[in-house]
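This report refers to the structure that appears directly beneath it.
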Amino acid sequence: MAMTRIDRLPEARWAGAAAVAFLLGLTLDLSPAPAWCAWACYALCYAAGGWEPAKEGLAALREKTLDVDLLMVVAALGAAAIGQPLEGALLIVIFATSGALEAFATQRTADSVRGLLDLAPQRATRVTVDGAEESLETRHLVPGDIVLVRPGERVGADGTVLAGASDVDQATVTGEPLPVPRSVGDEVFAGTLNGSGSLRLRVTRAAEESVIARIVAMVEEASRTKAPGQLFVEKVEQRYALGMVAATVAVFAVPLAFGAELAAALTRAMTFMIVASPCALVLATMPPLLAAIANAGRHGVLVKSAAVMERLGTVTRVAFDKTGTLTEGAPRLVEARPVAGGSVAGGSGADGAGAAVAADRLLALAAAAERDSEHPLARAVVTAARERGLPVLPAREFTARPGRGVSAEVEGVRVEVGAPTRAVTRTPASAPVRVPAYGPEPSADVARGAANGELDELGALVGEIEGAGLTGAVVRVDGVPAGVLAFEDRPRPQARAAVGRLRELTHRAPLLLTGDHHGAALRLATETGVGEVRAGLLPDEKAEAVRAEEASGQRLLFVGDGVNDAPALASAHTGLAMGRAGSDLALESADAVLVRDELGAVPAVVALSRRARRLVKQNLVIAGTAIAVLVAWDLLGTLPLPLGVAGHEGSTVLVGLNGLRLLRDSAWQTGPSGKTL
């Protein structure tokens, strides 16, 4: 789905026009051109960038409220009235640009939420009572309808399999890294991608109640209810604005009432408005945060707003998704385990009967059978065989059995590679720690176990591999189990260091929230140092876990990448998405994006935000002190206008330069060893 471009937004166009007019005016101001030329450009800047906040401010006045945007417009006009149009134009450009960026972020999020609905197909094939097939829009499907899902199609509705078997890619919903086998009695979700088998489903939920629809609803609700992180100056917006307006009126009216001249009273009031205007306070807040945003951007972290940069420094705990976030998101073969005493025709016919299958021989046979398969595990087998320099064995009569695996004839024997177990079941949503029932179920291999003692070892191998958090696949030769292949989704290289650094920063062990099975989640937690695991979670359960952390008083940073992570990203205090593999909805639901997927940047940007917050506080003290001194001078004595402007501008420049220190590369926080994580 096409995303709205920023130049299509009216807020961006007006902000751009204001910026162009300001730069042109500044150029003319520094040139020998007549003064009226620069003034004309500044006037265009005021008009282009100031009309919308002025309109909104007047609307707020009708609601008996006063906001800083209107105050900034008034201060800008006051600056122009006493001969300082440059300062006023700069304020106008800053506020117009901020409004445009906010509008752009809001529109992109709306685009992505609408695009998520495209995951579910618009039409489905319904099977009528008399067995006929009819095509209709998925929104017209009702619970109880029978739907046919052909190979390669997306599932049109949540339902239960009545007939057929296939591998279904559920990554968009559950985050599981591999397609899962689905057969009679299993549940499938709308928007997931069917594999090479045909499925007949009974619809269990209406379109508006499907998992995909619930994800959309949760993201939209979280976006509406999520309290925006307010900058320090915004927290006193109403009181400061009202106080400044009242004080300006008093400074003008009181001397006038006691017989002062109109010109003198007006000059004193305008001087007061200039020195009391929150320009320095605004710049006290924005430059450190904007400099931090720029620094983070150079190091591969896109932070979407100054409010987000401020929030990052307040997080008290971090939660990670598993697949594609803490892990690489692609399975790799880690071991080929032959069954002791297994047999295979090694070369031709029965010559090799009874010979022990070496690991390389096992892998070579499996790679030959898997070469024509599109399954991620098949690609991992073929890649591993090539990396080990094993011979490419010829294969023919390739057959894919949906939900069960593949088979092919290799060197005169039938080689089969398939899953030893069914998909994991999930614990109830009410469980405090969602750990799915996990372990090998009795399969055809075990059912035939009485035939020989070798199959007892097969069951032990499968249990050992899956108990260690790996994914297992059984290799059979002429129907007899020959060995087990073990796969893992490896942690990212920086995962353990990043988790450790985040533990130091927050004084809490990070949390792992995943849709994958408990064994794989526990293995990853052990390898990376994650302190708590919640596995087998659907998207709404993931968001529920995030909200539970927030309700307990934690300010949670959630790091994820998939569509299934979007509700959690939107519900968290701060959401951080992986940029390279992240879905569009995850990228738009998140408050920040790891452009290069470098996990070491997560603790670094948190540390940078904390430094920015410290500088903001320093700047607020400097700006507040300058304003207090200048205001007191103007009220208790006679503050010359040029000196007032110089003092005001000087404090503004000082806090601006102090904040810009975060632009230095050295501001990017490093790990305890002194090296960037």
Checklist entry - Tyr46 and Trp51: side chain to side chain contact (heavy atoms under 4.5 Å, CB included), yes or no, with the steps? => result CA-CA 8 Å; Tyr46 278 55; Trp51 75 270; over 6 Å; no

Atom pair [atom1]/[atom2] of [X] and [Y] - distance to nearest 0.5 Å:
X: Leu576; Y: Asp561; atom1: CG; atom2: CG; value: 11.0 Å
X: Ser571; Y: Glu544; atom1: OG; atom2: CD; value: 10.5 Å
X: Leu511; Y: Asp321; atom1: CG; atom2: CG; value: 11.0 Å
X: Gln618; Y: Arg661; atom1: CD; atom2: CZ; value: 6.0 Å
X: Leu556; Y: Thr316; atom1: CG; atom2: OG1; value: 7.5 Å
X: Thr325; Y: Leu599; atom1: OG1; atom2: CG; value: 8.0 Å

Taking every non-hydrogen atom, the tightest pair across [X] and [Y]:
X: Ala89; Y: Phe22; value: CB-CD1, 3.5 Å
X: Ala18; Y: Cys45; value: O-SG, 3.4 Å
X: Ala568; Y: Phe558; value: CB-CE2, 3.7 Å
X: Leu502; Y: Pro510; value: CB-CG, 4.4 Å
X: Ala296; Y: Trp668; value: CA-CZ3, 3.6 Å
X: His573; Y: Asp591; value: O-OD2, 4.2 Å

Next on the checklist: Checking Asp565 against Lys542 for the side chain to side chain contact (heavy atoms under 4.5 Å, CB included) test, could you report, in this order, the C-alpha distance in whole Å, the side-chain angles of both residues, the deciding distance, and whether it holds?
Outcome noted: CA-CA 8 Å; Asp565 296 323; Lys542 214 177 254 191; 2.7 Å; yes

Answer whether the closest heavy-atom distance between the side chains of [X] and [Y] falls below 4.5 Å.
X: Leu26; Y: Tyr42; answer: yes
X: Glu52; Y: Glu11; answer: yes
X: Arg610; Y: Leu505; answer: yes
X: Leu557; Y: Val602; answer: yes
X: Leu662; Y: Arg611; answer: yes
X: Val251; Y: Val249; answer: no

Checklist entry - Is there a donor-acceptor pair under 3.5 Å between the side chain of Ser609 and the backbone N or O of Gly313? => result yes

Next on the checklist: Going by the rule salt bridge (charged side-chain N to carboxylate O under 4.0 Å, His left out), which residues pair with Glu328 if we only count those two or more places apart in sequence or in a different chain?
Outcome noted: Arg332

Next on the checklist: Is there a salt bridge (charged side-chain N to carboxylate O under 4.0 Å, His left out) between Arg555 and Glu550? Walk through the geometry before answering.
Outcome noted: CA-CA 6 Å; Arg555 291 185 291 275; Glu550 297 278 336; over 6 Å; no

Checklist entry - Can you check side chain to side chain contact (heavy atoms under 4.5 Å, CB included) on Val303 and Val301, steps first, answer last? => result CA-CA 6 Å; Val303 181; Val301 183; 4.0 Å; yes

Item to check | Stepwise side chain to side chain contact (heavy atoms under 4.5 Å, CB included) test for His299 and Val605 | outcome: CA-CA 9 Å; His299 291 88; Val605 76; over 6 Å; no

